[in-house]
Number of protein chains: 2
Amino acid sequence: MTQPSTTEIPPPEGLERLLGSPLVTEIEFLTARARALGSAKANALLAPLDLKIRSYAVLSLACSGAAPSQRELAEFLLLDPSQIVALVDGLEQRGLVKRETDPQDRRSKVIKGTAKGRRLLAQAAAATQQAEDQAMGNLSPTERAQLRDLLRRIAF
Amino acid sequence: MTQPSTTEIPPPEGLERLLGSPLVTEIEFLTARARALGSAKANALLAPLDLKIRSYAVLSLACSGAAPSQRELAEFLLLDPSQIVALVDGLEQRGLVKRETDPQDRRSKVIKGTAKGRRLLAQAAAATQQAEDQAMGNLSPTERAQLRDLLRRIAF
DNA sequence: CCGAATAGTTGAAAATGTCAATAGTTCTAT
DNA sequence: ATAGAACTATTGACATTTTCAACTATTCGG
């Protein structure tokens with residue numbers, strides 16, 4: 001005796017009921033969900049290159065020409081300094097980045113991408129670009145630009 | 001020439017240099033950073049109520065009237081079902097929600113907020129609202145609405 | 001020069017995420 | 001009607017991530 005058995009339309013997802021919840025109006029929830037979906041996709045596309053979002057971000061900044069110190073990476077990526085150590089260790093062992101002690105301040109080490117690192121970054125950037133395209137398939141280029149700008153203003 | 005070092009101007013944060021990095025144009029990175037900042041703030045404001053973002057989300061959905069099953073919560077919050085068990089356990093032990101086996105399908109358990117749960121939710125919602133206000137202080141009400149809509153479209 | 005502060009590193013503990021196995025229930029196809 | 005497939009919640013193991021407290025080397029301020 002199931003009520004919606006005979007001629008009722010089965011909901012494709014069944015979660016429409018929850019979409020009306022007040023939670024869905026909260027930016028915090030929406031960013032968390034968008035991030036979870038996006039990073040899952042990006043990680044999947046980066047996996048063939050033996051990178052994750054984290055290591056990709058470090059590699060990208062290392063190759064950007066900005067020559068960030070590990071402390072700067074930690075602050076920028078909102079990670080604990082000890083995590084940066086692990087990430088840079090991994091990339092350095094693969095010959096993708098190198099540590100250089102800053103002559104100005106010999107406590108700090110500047111992270112620079114190697115030629116090999118830049119080559120891998122090119123592929124990785126293509127992968128994340130693809131992930132972004134998939135994630136934002138619903139949005140027009142204008143809307144994507146809008147979203148980028150709005151996010152940038154709450155992310156810094 | 002990327003060296004504007006006319007005089008030694010110590011930057012207030014020092015991270016401006018990294019803001020020009022290509023990484024900053026990637027939505028994935030921006031949502032991750034926005035989410036990290038936002039959830040840190042929200043968690044801090046929820047801490048006095050002995051809630052975290054996760055438990056708050058479950059409580060909110062439980063009290064929404066939608067009477068979600070645990071499987072639905074898992075899918076909606078993009079969490080493993082086993083994590084839902086733990087979250088609901090915690091809330092149930094505090095008398096904030098209750099489990100009811102669905103008469104329609106006795107495998108599934110429907111989560112409903114109690115009166116006590118709704119009272120706490122009211123305070124918690126105020127806290128997250130405050131967190132959101134702080135996080136989006138830079139944005140006008142119109143921009144906030146825009147951001148919400150754009151996020152909603154990539155989050156589902 | 002000396003003490004305070006900082007950058008990187010190490011290691012441990014706590015929190016999260018992931019996954020496989022299980023019991024009870026429902027569904028599907030004979 | 002029933003056997004087998006599929007699904008829900010649950011448990012427990014295991015990996016990953018997060019968080020934090022030391023410790024060394026170096027720089028900074030007085």
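To find a chain, count down the sequence lines: A is the first, B the second, and so on, and within it residues start at 1. Worth saying up front: this structure is predicted, and the values here are computed from it rather than measured.
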*Does anything in residues 39-90 of chain A pair up under ring pair (Phe, Tyr, Trp, His ring centres under 6.0 Å), and if so which pairs, sequence neighbours excluded?*
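For residues 39-90 of chain A, and leaving out neighbouring residues, the ring pair (Phe, Tyr, Trp, His ring centres under 6.0 Å) pairs sorted by first residue read A:Phe76-A:Phe156, A:Phe76-B:Phe29.
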In plain terms, say whether [X] and [Y] are close enough for a salt bridge, that is, a side-chain N and a carboxylate O under 4.0 Å apart.
X        : Y        : result
B:Glu143 : A:Arg153 : yes
A:Asp149 : A:Arg144 : no
B:Lys98  : B:Glu92  : no

For [X] and [N], give me the distance from atom [atom1] to atom [atom2], rounded to whole Å.
X        : N      : atom1 : atom2 : value
B:Ile84  : C:dG17 : CD1   : P     : 11 Å
A:Asn43  : D:dA15 : CG    : P     : 19 Å
B:Gln70  : C:dG24 : CD    : P     : 17 Å
A:Leu77  : D:dT19 : CG    : P     : 14 Å
B:Ile111 : D:dT8  : CD1   : C1'   : 12 Å
A:Leu79  : C:dA7  : CG    : P     : 16 Å
A:Leu78  : D:dT19 : CG    : C1'   : 14 Å
A:Arg99  : C:dA7  : CZ    : C1'   : 12 Å

Could you run down the sub-3.5 Å N/O contacts of the protein with nucleotides 26-28 of chain D?
unit_1 : atom_1 : unit_2   : atom_2 : d
D:dT26 : OP1    : A:Arg106 : NH2    : 3.0
D:dT27 : OP1    : A:Arg106 : N      : 2.9
D:dT27 : O4'    : A:Arg107 : NE     : 3.4

*asked:* Grouping I, L, V, M, F, W and Y whenever their side-chain heavy atoms are under 4.5 Å apart, do A:Val58 and A:Val110 come out in a common cluster?
replied: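 No, A:Val58 does not connect to A:Val110 through the hydrophobic network.
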*Which is true for A:Ser108 with a 4.0 Å heavy-atom rule: it touches a base, it touches only sugar-phosphate, or it touches nothing?*
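Sugar-phosphate, no base atom in range.
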Does [N] have OP1 or OP2 sitting under 4.0 Å from an N or O in the side chain of [X]?
X        : N      : answer
B:Lys109 : D:dT10 : yes
B:Lys52  : C:dA15 : no
B:Gln83  : C:dT16 : no

*Closest nucleotide among D:dT11, C:dG8, C:dT10 to the A:Ser69 side chain*: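 Of the candidates, C:dG8 comes closest.
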_Proximity to the side chain of B:Asp80 - top-ranked nucleotide from C:dG8, C:dC19, D:dT17_ =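 Among C:dG8, C:dC19, D:dT17, the one nearest the side chain of B:Asp80 is C:dC19.
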_side chain to side chain donor-acceptor pair (under 3.5 Å) contacts in which one or both residues fall within residues 77-88 of chain B, not counting sequence neighbours_ = B:Asp80-B:Ser82
*Just how far is it from atom CG of A:Leu30 to atom OG1 of A:Thr25, taken to the nearest 0.5 Å?*
7.5 Å
*asked:* Under the salt bridge (Lys or Arg N to Asp or Glu O under 4.0 Å) definition, can you give me all pairs with a residue in residues 35-45 of chain B, not counting sequence neighbours?
replied: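 Salt bridge (Lys or Arg N to Asp or Glu O under 4.0 Å) check on residues 35-45 of chain B returns no pairs.
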*asked:* Nearest heavy atom decides the nucleotide; on that basis, is B:Ser82 or A:Ser82 closer to the 5' end of DNA chain D?
replied: B:Ser82
*Quick one: on DNA chain C, does B:Arg54 or A:Val85 contact a more 5' nucleotide (nearest heavy atom)?*
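So the residue in question is A:Val85.
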*Dot-bracket pairing map - DNA chain C, Watson-Crick plus G-U, both contacts under 3.5 Å, | cross-strand*: ||||||||||||||||||||||||||||||
*side chain to side chain contact (heavy atoms under 4.5 Å, CB included) involving B:Asp89 - partner list, sequence neighbours excluded*: B:Val85, B:Gln93, B:Arg99
*Nearest heavy-atom neighbours spanning B:Ser60 and B:Leu121*: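 The answer is CA-CD1, 3.8 Å.
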